[in-house]
2 protein chains.
Amino acid sequence: MLKSISTARTQQGTFTPVEKQMFGAALLIEPEISSTLDQASELGQTGYSSSLLQQLTCVTKRFRHLNAEQYLLRQQDSFESLFVVKKGALKSYRLTPEGEEIVTGFYLEGDVIGAGGLGNQKHFYSVVALEPASLYEIPFAKLLQLSTMEPIVQQLMLKLLSQEMQADQSLRLIQLKQVKAAIASLILNMANRLTTTQLTLPMSRVDIANLLGVASETVCREFTRLQKQGLLSVNRKHIVINDLPQLQQAAGADCC
Amino acid sequence: MLKSISTARTQQGTFTPVEKQMFGAALLIEPEISSTLDQASELGQTGYSSSLLQQLTCVTKRFRHLNAEQYLLRQQDSFESLFVVKKGALKSYRLTPEGEEIVTGFYLEGDVIGAGGLGNQKHFYSVVALEPASLYEIPFAKLLQLSTMEPIVQQLMLKLLSQEMQADQSLRLIQLKQVKAAIASLILNMANRLTTTQLTLPMSRVDIANLLGVASETVCREFTRLQKQGLLSVNRKHIVINDLPQLQQAAGADCC
DNA sequence: CGTATGTTTGACCGTCGTCAATTGTAGTGG
DNA sequence: CCACTACAATTGACGACGGTCAAACATACG
């Protein structure tokens with residue numbers, strides 16, 4: 001349900017940890033890609049790669065700040081940049097012809113926004129901040145330009161898109177489940193990403209309902225049911241996980 | 001619901017119609033990309049592009065034939081090729097931990113299979129033929145190699161991935177709708193692609209049910225309901241559209 | 001012709017959507 | 001600092017949609 005399947009990682013290698021973190025945060029480097037970078041350096045392309053790195057870190061130095069309710073981009077905006085969430089939370093959604101909101105995902109720290117526009121001229125969803133948020137901005141033109149010089153960048157872009165696709169797919173899996181399981185999955189996913197048993201949801205019940213395609217009342221009822229079963233403590237947006245194993249079972253093996 | 005949003009097209013230009021069709025069928029060229037190709041040629045890169053074209057047509061000359069029920073690829077297979085459906089129909093699916101089948105899409109003539117693996121080592125779904133099918137095979141390694149020489153190929157790959165993502169997204173929209181609307185959309189999409197009011201479904205009721213996340217009985221009931229309303233004539237897998245405008249309305253503006 | 005499989009239909013019941021009332025919380029202005 | 005207001009969240013009642021079980025039926029294949 002959340003856009004990123006994995007979080008950015010750093011590794012010891014040819015690049016300094018700081019550089020890697022920067023690069024990783026910007027492009028969600030997986031371990032294997034990270035080592036690809038290392039290998040590239042080891043293969044005598046160090047000069048080339050480090051200049052690449054310089055350009056990338058340069059590119060990612062742009063920042064953008066949003067207040068709650070402010071839009072990062074709107075459906076049909078022309079595609080110009082990728083964004084990486086540095087802090088805060090956002091949601092993406094589309095509108096049905098009837099004006100209903102269909103939430104397509106939530107973005108937390110480290111998530112990449114806009115990969116879906118990589119092959120298109122236009123974005124096909126709007127993205128709005130749920131709380132004050134700051135983001136890195138990566139101009140797509142710059143990225144494309146770099147990619148012609150460095151195949152690694154191209155692979156990264158492909159990987160980004162694939163990840164976003166996989167995230168969408170697991171979202172589909174969630175929707176097919178019982179609502180109870182979907183909620184449990186949502187909570188678990190949030191908790192995993194934040195590595196804590198206590199969390200504050202950035203999104204409203206309505207947002208969750210629109211993500212799962214159910215009524216907001218149903219979301220409420222499932223929250224209270226999970227609380228009565230002792231798996232969660234719920235107080236509005238504040239959630240405490242009381243019984244992790246049971247919750248995982250309720251999620252029904254979050255799968256894939 | 002169906003994987004491709006648009007079908008391959010041919011245009012008059014630098015390349016011969018036959019070449020274009022080949023290229024278009026293989027990579028789902030959009031008009032604007034197609035004209036990009038033309039522009040590239042006009043900008044004096046003709047030699048380069050036509051060698052690209054030669055390589056592409058060469059690459060796409062590989063064929064693959066499947067009987068019904070035969071697998072094109074299985075979940076966790078390593079990613080080696082893209083496929084383009086030349087004839088026939090296939091479905092892709094994943095299994096839940098409980099062993100339930102979740103259909104992720106149907107592929108008809110002209111559809112591209114496997115774009116989701118572009119950034120990954122493994123495919124995350126299985127693909128099986130619903131009826132005898134023949135496909136073009138495009139080795140990924142070759143494609144990547146070409147893309148380092150020709151930015152256009154890279155753009156095409158990005159576009160392919162984006163298209164697959166958009167298809168997934170519209171699938172999500174369908175799932176959130178009423179089952180009736182979902183079925184109507186499915187039929188309309190099939191009919192549009194085949195440009196006819198009379199069609200034979202390649203997939204079973206169970207497959208449709210697994211795609212939409214409902215019971216197969218529900219699919220049956222909606223089919224008969226649409227028939228009783230006079231929108232469709234249904235006889236097992238044979239469908240005739242009797243009232244297109246009404247059907248489109250039932251689909252509820254297939255949107256986006 | 002007979003069996004296996006896919007399809008259709010009916011009966012029953014649980015889940016979830018809708019409508020509505022109530023509570024709780026945060027933000028506003030006095 | 002305290003009402004007052006607006007809105008999110010919660011809970012209840014009721015009905016419809018869709019899942020499950022079961023049976024009847026049609027079609028394909030041997």
Side-chain angles (χ1 to χ4, degrees), chain A residues 67-69 89 91 96 98-103 128 130-132 174-184 186-187 200-229 232-240 250 252, chain B residues 67-69 89 91 96 98-103 128 130-132 174-184 186-187 200-229 232-240 250 252:
Chain A
N67 296 321
E69 318 258 310
K91 72 170 175 183
T96 66
E98 296 80 35
E100 292 174 78
E101 190 174 296
I102 296 186
V103 174
V128 62
L130 294 166
E131 57 189 25
I174 288 171
Q175 289 185 319
L176 294 175
K177 292 186 203 173
Q178 311 246 47
V179 179
K180 176 182 165 186
I183 305 257
L186 182 74
I187 299 297
T200 301
L201 300 176
M203 71 292 282
S204 72
R205 299 287 190 266
V206 176
D207 286 333
I208 297 175
N210 287 337
L211 178 78
L212 302 177
V214 299
S216 60
E217 292 94 330
T218 303
V219 175
C220 280
R221 292 196 180 100
E222 291 307 330
F223 266 118
T224 53
R225 192 179 304 182
L226 286 168
Q227 184 169 27
K228 278 178 185 165
Q229 292 176 351
L232 294 179
S233 295
V234 181
N235 188 305
R236 295 221 149 221
K237 297 198 151 82
H238 300 283
I239 309 286
V240 180
Chain B
N67 295 321
E69 319 258 311
K91 73 170 175 183
T96 66
E98 296 82 33
E100 292 175 78
E101 189 175 298
I102 296 186
V103 174
V128 62
L130 294 167
E131 57 188 26
I174 286 171
Q175 290 185 318
L176 295 176
K177 292 186 203 172
Q178 310 244 47
V179 178
K180 176 181 166 186
I183 306 257
L186 182 74
I187 300 296
T200 301
L201 299 177
M203 71 292 282
S204 71
R205 299 286 190 267
V206 177
D207 286 333
I208 298 175
N210 287 337
L211 177 79
L212 302 177
V214 300
S216 60
E217 293 94 328
T218 303
V219 176
C220 281
R221 290 193 182 102
E222 292 307 330
F223 267 117
T224 54
R225 193 179 303 183
L226 287 168
Q227 184 169 28
K228 278 179 185 164
Q229 292 176 349
L232 294 178
S233 295
V234 181
N235 187 303
R236 296 221 149 218
K237 297 199 151 79
H238 300 283
I239 309 284
V240 179

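All heavy atoms count here, side chains included; hydrogens, waters and symmetry mates do not. Just so you know, these numbers come straight off a predicted model, no measurement behind them.
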Undergrad: Looking for any heavy atom pair under 4.0 Å, which part of the strands does A:R205 touch: base, sugar-phosphate only, or nothing?
TA: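 The residue A:R205 makes sugar-phosphate contact but no base contact.
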Undergrad: By side chain to side chain contact (heavy atoms under 4.5 Å, CB included), which residues pair with B:E101, not counting sequence neighbours?
TA: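 B:K91, B:Y93, B:L95, B:V103, B:D207, B:N210.
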Undergrad: Using residues 212-229 of chain B as the side-chain source, report each donor-acceptor pair under 3.5 Å to any protein atom, sequence neighbours left out, with the distance given to one decimal.
TA:
residue : atom : partner : partner atom : Å
B:T224  : OG1  : B:C220  : O            : 3.3
B:T224  : OG1  : B:R221  : O            : 2.7
B:Q227  : NE2  : B:V234  : O            : 3.3

Undergrad: With DNA chain D as reference, determine whether B:K180 or A:V219 sits nearer its 5' end, using the nearest nucleotide of each.
TA: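 Going by which nucleotide is closer to the 5' end, it is A:V219.
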Undergrad: In Å and rounded to the nearest 0.5 Å, what is the CD1 to CG distance from B:I187 to B:L232?
TA: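 The CD1 atom of B:I187 sits 6.0 Å away from the CG atom of B:L232.
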Undergrad: Report which part of the nucleic acid B:E222 touches: base, sugar-phosphate, or nothing (heavy-atom distance under 4.0 Å, all strands).
TA: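 Here B:E222 touches the backbone only, sparing every base.
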Undergrad: Work out which heavy atom in B:E131 is nearest to a heavy atom in B:P202; give both atom names and the distance.
TA: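 Shortest heavy-atom separation between B:E131 and B:P202 comes out as OE1-CB, 3.6 Å.
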Undergrad: Can you give me the closest heavy-atom contact between A:L201 and A:R205, atom names plus distance?
TA: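 Heavy-atom minimum between the residues: CD1-NH1, 4.0 Å.
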Undergrad: First locate atom CG of B:L211, then atom CD1 of B:I208, and finally report the distance between them rounded to the nearest 0.5 Å.
TA: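 Result: 8.0 Å between the selected atoms.
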Undergrad: Both A:N235 and B:V206 contact DNA chain C. Taking the nearest nucleotide for each, which residue is further toward the 5' end?
TA: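 It is B:V206, whose closest nucleotide lies nearer the 5' terminus.
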Undergrad: Using chain B heavy atoms and a threshold of under 4.0 Å, write down where along DNA chain C the contacts begin and end, 5' to 3'.
TA: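 Answer, 5' to 3': C:dG6 to C:dA11.
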Undergrad: Among all residues two or more places apart in sequence or in another chain, which pass the side chain to side chain contact (heavy atoms under 4.5 Å, CB included) test with A:E100?
TA: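 Partners of A:E100 by the side chain to side chain contact (heavy atoms under 4.5 Å, CB included) criterion, ordered by chain and then number, come out as A:T96, A:E98.
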Undergrad: At a heavy-atom distance below 4.0 Å, which nucleotide of DNA chain D is the first touched by chain A, and which is the last?
TA: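 It runs D:dA8 to D:dA13.
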Undergrad: Categorize A:S216 for me: base, sugar-phosphate, or nothing, with a 4.0 angstrom heavy-atom threshold over every strand shown.
TA: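 Contact class for A:S216: none.
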Undergrad: Locate the shortest heavy-atom distance separating B:A250 from B:K180; write the atom from each residue and the value.
TA: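 Heavy-atom minimum between the residues: CB-CE, 4.2 Å.
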Undergrad: How large an angle, rounded to 10°, do the end axes of the helix from C:dC1-D:dG30 to C:dG30-D:dC1 enclose when each is built from five base pairs?
TA: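 Both end axes considered, the difference amounts to 40°.
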